[in-house]
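Have a look at the structure below before the remarks.
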Amino acid sequence: MFEASSPIGIFDSGMGGLTVAKAVTQQLPSESIVYFGDTAHAPWGDKSVAAIQAYAVKICDILLHQHCKLILIACNSASAVAYDLVKEYVGHRVTVIDVVNPMVDYLATHYSKKRVGLIGTQQTVGSDIYGKKIQQRGIAIRFNALATPLLVPLIESGERNPKVIEEVIKSYLLSPQLQNIDALVLGCTHYPLIKDQINAFYSGQTAVIDATEMVAKAVKNQLQAQDLLASAGQLPQRTFYSSDYTQAFSALARRFFDEPVRLERYALWD
Ligand code: DGL
């Protein structure tokens with residue numbers, strides 16, 4: 001059985017999930033978190049379904065071993081191709097939340113009858129997870145998605161030259177699939193890190209939506225429903241594991257979470 005003081009487990013291929021972890025700690029400042037970034041295997045978005053599923057399941061074992069009271073898949077690619085498997089694997093022991101369903105809920109309430117575009121990894125777009133869920137739920141949205149595989153490696157590399165990033169963003173966003181849209185969904189948890197540049201491209205004419213806050217709210221609601229919210233006075237512990245040491249990952253973890261963070265290397269397989 002879990003205690004309210006147990007940590008929330010969050011994982012991603014690398015540093016993208018830190019954007020979600022940050023939103024979780026902003027909404028739930030007393031919660032402890034254990035974050036796992038699989039930097040040794042990032043990017044996940046162009047790996048096979050079997051590989052992503054194997055990484056996800058292995059990381060869930062690690063998070064359960066750390067007594068996490070909830071597991072948050074802070075990655076669209078894994079949410080797209082491994083959520084059902086992860087739920088089957090650990091769902092009887094712990095609640096699992098993904099990043100796709102909260103976004104689909106949001107689109108249903110805010111973008112009915114509108115035109116929505118999405119950018120994401122090859123796996124997320126190839127799986128058509130958003131399109132399928134939109135259709136299954138009968139949401140009247142004109143939806144189109146584009147795979148933008150160069151963005152995650154650029155972000156993970158810590159690329160600082162704004163011109164390089166701007167050029168790549170521009171060439172993707174000018175694609176025919178993404179014309180005349182009312183909103184662009186950032187269908188990858190890495191993309192909030194370049195949201196300013198994406199907003200600059202649209203000059204405020206198109207809404208740019210990311211899932212970080214809606215996912216944090218879903219986590220809060222779930223913990224509340226299970227009476228597992230950490231008590232207000234609890235001093236949170238934040239632990240960050242990465243399967244490979246990368247400068248960009250540790251710099252971002254330190255920048256996002258001002259207090260001294262515990263950063264450790266944790267190999268997925270020895
Ligand atoms: N941030 C993840 C996502 O939302 C993974 C991206 C990747 O590693 O390719 O899809």
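The first residue of the sequence shown is numbered 1, and numbering continues consecutively from there. Atoms within each ligand, like the ligands themselves, are counted from 1 in listed order.
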- [ ] State whether D128 and K133 are salt-bridged, where the test is any N-O pair (Lys NZ or Arg NE/NH1/NH2 against Asp/Glu carboxylate O) under 4.0 Å.
- [x] no
Would you mind writing out a table of all protein N or O atoms found under 3.5 Å from any N or O atom of ligand 1, naming both atoms and giving the distance to 0.1 Å?
unit_1: ligand 1; atom_1: 1 (N); unit_2: D12; atom_2: OD1; d: 3.0
unit_1: ligand 1; atom_1: 1 (N); unit_2: T189; atom_2: OG1; d: 2.8
unit_1: ligand 1; atom_1: 1 (N); unit_2: H190; atom_2: ND1; d: 2.7
unit_1: ligand 1; atom_1: 4 (O); unit_2: N76; atom_2: N; d: 2.7
unit_1: ligand 1; atom_1: 4 (O); unit_2: N76; atom_2: ND2; d: 3.3
unit_1: ligand 1; atom_1: 4 (O); unit_2: T189; atom_2: N; d: 2.9
unit_1: ligand 1; atom_1: 4 (O); unit_2: T189; atom_2: OG1; d: 3.4
unit_1: ligand 1; atom_1: 8 (O); unit_2: S13; atom_2: OG; d: 2.6
unit_1: ligand 1; atom_1: 8 (O); unit_2: W44; atom_2: N; d: 2.7
unit_1: ligand 1; atom_1: 9 (O); unit_2: W44; atom_2: N; d: 3.3
unit_1: ligand 1; atom_1: 9 (O); unit_2: G45; atom_2: N; d: 2.8
unit_1: ligand 1; atom_1: 10 (O); unit_2: N76; atom_2: N; d: 3.4
unit_1: ligand 1; atom_1: 10 (O); unit_2: S77; atom_2: N; d: 3.0
unit_1: ligand 1; atom_1: 10 (O); unit_2: S77; atom_2: OG; d: 2.6

Task: Carboxylate-amine/guanidinium contact K69 E31, below 4.0 Å - done: yes
Task: Set of residues satisfying side-chain contact (heavy atoms from CB on, under 4.5 Å) with respect to L64, sequence neighbours excluded - done: F2, I71, V90, R93, V94
Task: Remaining members of the apolar cluster that contains I141, side-chain heavy atoms under 4.5 Å - done: V100, M103, V104, Y106, L107, Y111, V116, L118, V125, I129, Y130, I134, I139, F143, V185, I209, M214
Open item on the list: Parallel, tilted or perpendicular, judged at 30° and 60°: which one describes the rings of Y55 and H41?
Closed with: parallel
Open item on the list: Does anything in residues 223-232 form a side-chain hydrogen bond (donor to acceptor under 3.5 Å, both in side chains)? List the pairs, not counting sequence neighbours.
Closed with: T95-Q226, Q222-Q226
